[in-house]
Amino acid sequence: MCSLLAHVEDGRLARIQGDPDQPLTAGFACAKVNREPELVYSPDRLLTPLRRTGAKGTGTFTPIGWDAALDEIVDRWRAIVREDGPLAILGYCYSAHQGQINRWLPMALFHALGTTRLQAGTVCDSCADTAWEMTCGPVGGADPEDVVHSDLVIAWSADLVTTNVHLWAKVEEARRRGAQLVVIDPRRSRTAAQADWHVTPRVGTDAALALGLMHVLARDGLADREYLARETTGFDRLAADVLPRFAPDQVERVTGVARADVERLAHHYGRAHAPFIRIGTGMSRCAQGGQAIRAVALLPGVTGAYARRGGGALMITVPGFGLRYDLIRRPAGPETTRTVNHSRLGEALLALADPPIRALFVASNNPVVTCPDADAVRRGLAREDLFTVVHDLTVSDTARWADIVLPAATYLETEDFYRSYGAYYMQFGPRVIEPRGQAWANAELARELARRLAVDHPVFSMSTDELLPLFFRGATGPAAGVDPATLRTAGPIKARPYPDGQRFATPSGTLEFWSAQLAAQGLPPMPDWRPELDDGDEARRWPLRLLSAPGYFVSHTVFATNRTLDAREGTPVCVLHPAEAERRGLADGDPVELVNDRGSVRFALQVSDEVAPGVALVPGQRPSRPSRASANVLCSDRLSDLGAGATYQSTWLDVRRVR
Ligand SMILES: Nc1nc2c(c(=O)[nH]1)N[C@H]1C(S)=C(S)[C@@H](COP(=O)(O)OP(=O)(O)OC[C@H]3O[C@@H](n4cnc5c(=O)[nH]c(N)nc54)[C@H](O)[C@@H]3O)O[C@H]1N2
Ligand SMILES: Nc1nc2c(c(=O)[nH]1)N[C@H]1C(S)=C(S)[C@@H](COP(=O)(O)OP(=O)(O)OC[C@H]3O[C@@H](n4cnc5c(=O)[nH]c(N)nc54)[C@H](O)[C@@H]3O)O[C@H]1N2
Ligand SMILES: [Mo]
């Protein structure tokens with residue numbers, strides 16, 4: 001999350017610029033955020049509440065006033081609670097507004113009401129976060145600004161140019177000072193195309209590659225035994241029980257990376273002074289994604305790189321701030337209720353009973369496109385007996401299925417407190433322009449619903465300035481040193497947690513190659529890699545594996561609201577290697593259908609050696625306007641090995657010409 005300057009002329013947002021005074025943002029913004037005025041003033045923005053007048057899913061609505069909309073919502077929810085209790089309601093809110101108040105106050109409302117609860121974030125990073133926490137503990141990783149002190153940068157499953165452009169700028173600086181850049185990614189991403197070395201493991205085999213590197217490091221005397229003894233737990237057991245199975249020739253068989261390259265990469269890594277690994281989450285979205293993150297996060301422990309400035313690993317910074325969220329996230333409500341996994345909305349709507357979900361509130365995400373098993377989501381939303389409310393900037397694909405659609409304000413039209421998740425800055429963000437039309441901020445909607453439903457807890461009547469101190473009450477780490485009263489005027493505040501080398505906060509206080517927490521849960525205590533075959537053996541029956549990655553102009557669907565970005569991203573495509581295209585008699589530009597047991601979706605074919613044979617790449621989460629559909633129709637709602645995350649990358653399919 002970057003720090004931005006918004007230029008306003010006559011009450012209109014004229015221009016967005018990266019804040020030059022925030023060292024990581026350094027005066028520029030990415031191709032997406034640069035064009036934020038076009039998002040704010042998009043002709044697709046919803047300006048009034050809407051009420052459904054036609055069949056579900058057709059997007060036929062008529063404008064109504066806020067009062068009428070809220071009256072109807074409150075009446076319907078009250079009746080449902082009377083008949084079936086609060087568990088018949090599900091609040092399905094996510095992170096499109098990155099402000100901590102606008103993100104959490106709606107969830108606080110559902111928490112207080114005692115509804116069915118959302119296990120949020122499993123569509124994104126819950127697997128990766130859990131794997132990191134089981135390995136390092138609840139700590140943030142390396143400071144991205146320190147990458148300039150690195151002599152070897154590895155972007156492991158992260159397309160920096162597309163999703164982390166500010167780190168990319170620092171990586172370029174490190175390269176000017178002599179650092180090498182290695183990208184480990186099955187596809188030639190924009191970042192990989194500019195690397196010194198692009199290593200291309202097969203999708204879902206990163207744990208094997210990382211264990212192979214450890215094998216060579218240990219074998220060739222490149223492990224730092226003193227660091228291992230002092231700061232880590234269980235390396236000897238890993239070396240005895242797991243690493244012998246990951247000799248370079250075995251790793252080559254699994255990953256497709258030549259044994260000589262495994263050796264070379266290990267030596268390169270082992271001899272670097274301060275190797276920095278940027279861990280991306282793509283590799284975690286597989287059936288065994290947790291093992292992959294764990295293995296990669298352990299690598300800097302083998303050579304002691306975690307102790308050196310510019311070395312170590314960065315996945316996420318969030319736990320490093322020490323902020324407190326629970327006073328706003330879950331101020332009141334029962335200790336436990338029923339839970340729905342974010343990645344399993346379809347199943348929840350179609351199969352939950354006693355009581356079934358009868359009312360759904362969706363905000364700040366677009367599950368018809370972005371949730372696995374997207375067709376099940378659509379069928380669930382089609383239920384005539386489901387009362388659906390969607391709060392969004394536009395009539396999104398999901399909103400088309402709603403009974404009531406409510407207009408949301410963008411972050412530029414609301415005030416909030418932000419903390420980054422890829423850097424160590426936190427900051428207050430003022431409202432820079434008035435909301436368009438009758439749009440309301442998430443927090444405003446939560447407050448008003450709480451008032452009308454007589455939810456009696458102070459957080460719902462507190463002002464921003466009264467809420468801010470709650471994030472800091474009992475805070476630990478850098479957040480403990482911040483006076484919340486100064487936030488409005490302080491600008492970006494750097495919260496660097498471990499200036500003298502990476503700290504670990506696992507139960508043992510060390511980096512855990514062997515995890516007692518995992519063992520206690522009956523999970524493998526040490527990282528490993530095993531062949532991934534799913535229950536139905538889809539991997540055997542379908543010839544191609546899905547690889548999905550953020551699009552450069554449209555990573556998530558929200559950016560398609562900006563019509564320039566949607567046009568620049570172009571026709572939604574599926575990318576196949578020339579050999580796979582030829583085998584099927586397909587040519588560049590052909591209309592194709594991606595099929596598997598779950599369904600089919602259409603794309604235009606792009607033939608490119610950006611991916612290896614055996615892979616079908618679908619870039620970006622694109623809105624499913626008529627004639628478009630989400631690749632997530634093909635993805636099962638199977639969960640990853642750790643953190644109950646989505647497994648988009650464990651999808652097998654075929655590509656054929658549209659008949
Ligand atoms: N401006 C802006 N920036 C954003 C966002 C935004 O909305 N706007 N969104 C943010 C969010 S929510 C996220 S989650 C991040 C995502 O940012 P990233 O972590 O960069 O994205 P991923 O989806 O993880 O995909 C990264 C790479 O992983 C590769 N990959 C996929 N599977 C595998 C595998 O099995 N092994 C290996 N080695 N590589 C694999 C893909 O080919 C892809 O190139 O971006 C964040 N950055
Ligand atoms: N196949 C596949 N699927 C994936 C992924 C993948 O790599 N492959 N990536 C996954 C990841 S990492 C993520 S994070 C998710 C992202 O998926 P989502 O969380 O669904 O994000 P968006 O598609 O951008 O949808 C956000 C919606 O919120 C609306 N919105 C924006 N700002 C606000 C606001 O302030 N208030 C309200 N109420 N609404 C707002 C936008 O208009 C938009 O409709 O997708 C996941 N899905
Ligand atoms: Mo994400």
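Computed from a prediction, not measured in an experiment: that's the story for all the values here. As the structure lists them, so they are numbered: ligands from 1, and atoms in each ligand from 1.
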What atoms of ligand 1 come closer than 4.0 angstrom to any heavy atom of [X]?
X      : answer
Cys30  : 1 (N)
Ala549 : 41 (C), 43 (C)
Ile184 : 38 (N)

Distance filter under 4.0 Å to [X] heavy atoms, resulting ligand 2 atoms:
X      : result
Ala409 : 34 (C), 35 (O)
Ser396 : 44 (O)
Ala408 : 36 (N), 37 (C), 38 (N)
His391 : 37 (C), 38 (N), 39 (N)
Val123 : 10 (C), 11 (C), 46 (C)
Asn365 : 18 (P), 19 (O), 20 (O), 25 (O), 26 (C), 27 (C), 28 (O)
Asn632 : 1 (N), 2 (C), 3 (N)

Task: Short N or O distance, Thr370 and ligand 2, threshold 3.5 Å exclusive - done: yes
TODO: Ignoring angles and geometry beyond distance, decide whether Cys124 reaches within less than 3.5 Å of ligand 2 through its nitrogen or oxygen atoms.
DONE: no
Starting from [atom], locate the nearest protein heavy atom and write down its residue, its atom name and how far away it is, to 0.1 Å.
atom                    : answer
atom 23 (O) of ligand 2 : Thr557 OG1, 2.5 Å
atom 21 (O) of ligand 1 : Pro550 CG, 3.5 Å
atom 39 (N) of ligand 1 : Pro186 CD, 3.1 Å
atom 46 (C) of ligand 2 : Tyr648 OH, 3.3 Å
atom 30 (N) of ligand 1 : Ser157 OG, 3.7 Å
atom 19 (O) of ligand 1 : Thr281 N, 3.3 Å
atom 2 (C) of ligand 2  : Gln621 NE2, 2.9 Å
atom 36 (N) of ligand 2 : Asn442 OD1, 2.8 Å
atom 27 (C) of ligand 1 : Asp185 OD2, 3.3 Å
atom 35 (O) of ligand 1 : Gly204 N, 2.9 Å

Task: cation_pi(Arg190, Trp168) dist<6.0 Å, angle<=45 - done: no
So is [X] polar-close to ligand 1, meaning N/O to N/O under 3.5 Å?
X      : answer
Phe559 : no
Arg202 : no
Ser189 : no
Gly282 : yes
Asp159 : yes
Ser548 : no

- [ ] Examine ligand 1 and decide if any of its atoms is less than 4.0 Å from a heavy atom belonging to Tyr421.
- [x] yes
TODO: Could you tell me whether ligand 1 has any atom less than 4.0 Å away from a heavy atom of Arg285?
DONE: yes
Nearest option to [atom], as decided by whichever heavy atom of [options] sits closest:
atom                    : options                        : result
atom 42 (O) of ligand 2 : Asp392, Asp125, Val554         : Asp392
atom 5 (C) of ligand 1  : Gln649, Glu610, His556         : His556
atom 3 (N) of ligand 1  : Thr163, Val615, Asp206, Val203 : Thr163

TODO: Measure the shortest side-chain to side-chain distance between His556 and Thr370 over non-hydrogen atoms and say whether it is less than 4.5 angstrom.
DONE: no
Task: Any side-chain heavy-atom pair of Ser95 and Tyr421 under 4.5 Å - done: no
Would you kindly say whether [X] and [Y] are connected by a side-chain donor-acceptor distance under 3.5 Å?
X      : Y      : result
Ser343 : Asp637 : no
Asp597 : Trp542 : yes
Thr410 : Glu413 : yes
Asp206 : Ser157 : no

Task: Residue pair Leu4 / Val33: nearest heavy atoms and the distance that separates them - done: CD1-CG1, 3.8 Å
Should [X] and [Y] count as an ion pair when the cut-off is N to O under 4.0 Å?
X      : Y      : result
Arg598 : Glu538 : yes
Arg400 : Asp397 : no
Asp373 : Arg344 : no
Arg563 : Asp44  : yes

- [ ] Would you check whether Ser364 reaches within less than 4.0 Å of ligand 2, judged by its heavy atoms?
- [x] yes
- [ ] May I ask whether Tyr411 places a heavy atom under 4.0 Å from ligand 2?
- [x] no
TODO: Classify the ring geometry between Phe110 and Phe361 as parallel (under 30°), tilted (30 to 60°) or perpendicular (over 60°).
DONE: tilted
Open item on the list: Below 30° counts as parallel, above 60° as perpendicular, anything between as tilted: where do the rings of Trp66 and Trp440 land?
Closed with: parallel
Open item on the list: Could you go through Val369 and Asn632, starting from their C-alpha distance and side-chain angles, then the distance that decides it, and tell me whether this counts as side chain to side chain contact (heavy atoms under 4.5 Å, CB included)?
Closed with: CA-CA 7 Å; Val369 181; Asn632 284 339; 5.7 Å; no
TODO: For salt bridge (charged side-chain N to carboxylate O under 4.0 Å, His left out), just list the numbers for Asp159 and Arg187, CA-CA rounded to whole Å, side-chain angles, deciding distance to a tenth of an Å, and then say yes or no.
DONE: CA-CA 10 Å; Asp159 183 6; Arg187 89 185 225 263; 3.6 Å; yes
Task: Leu617 contact mode with ligand 1 (heavy-atom cut-off under 4.0 Å) - done: neither
TODO: Between Met283 and ligand 1, find which residue part has any heavy-atom pair under 4.0 Å and reply side chain, backbone, both or neither.
DONE: both
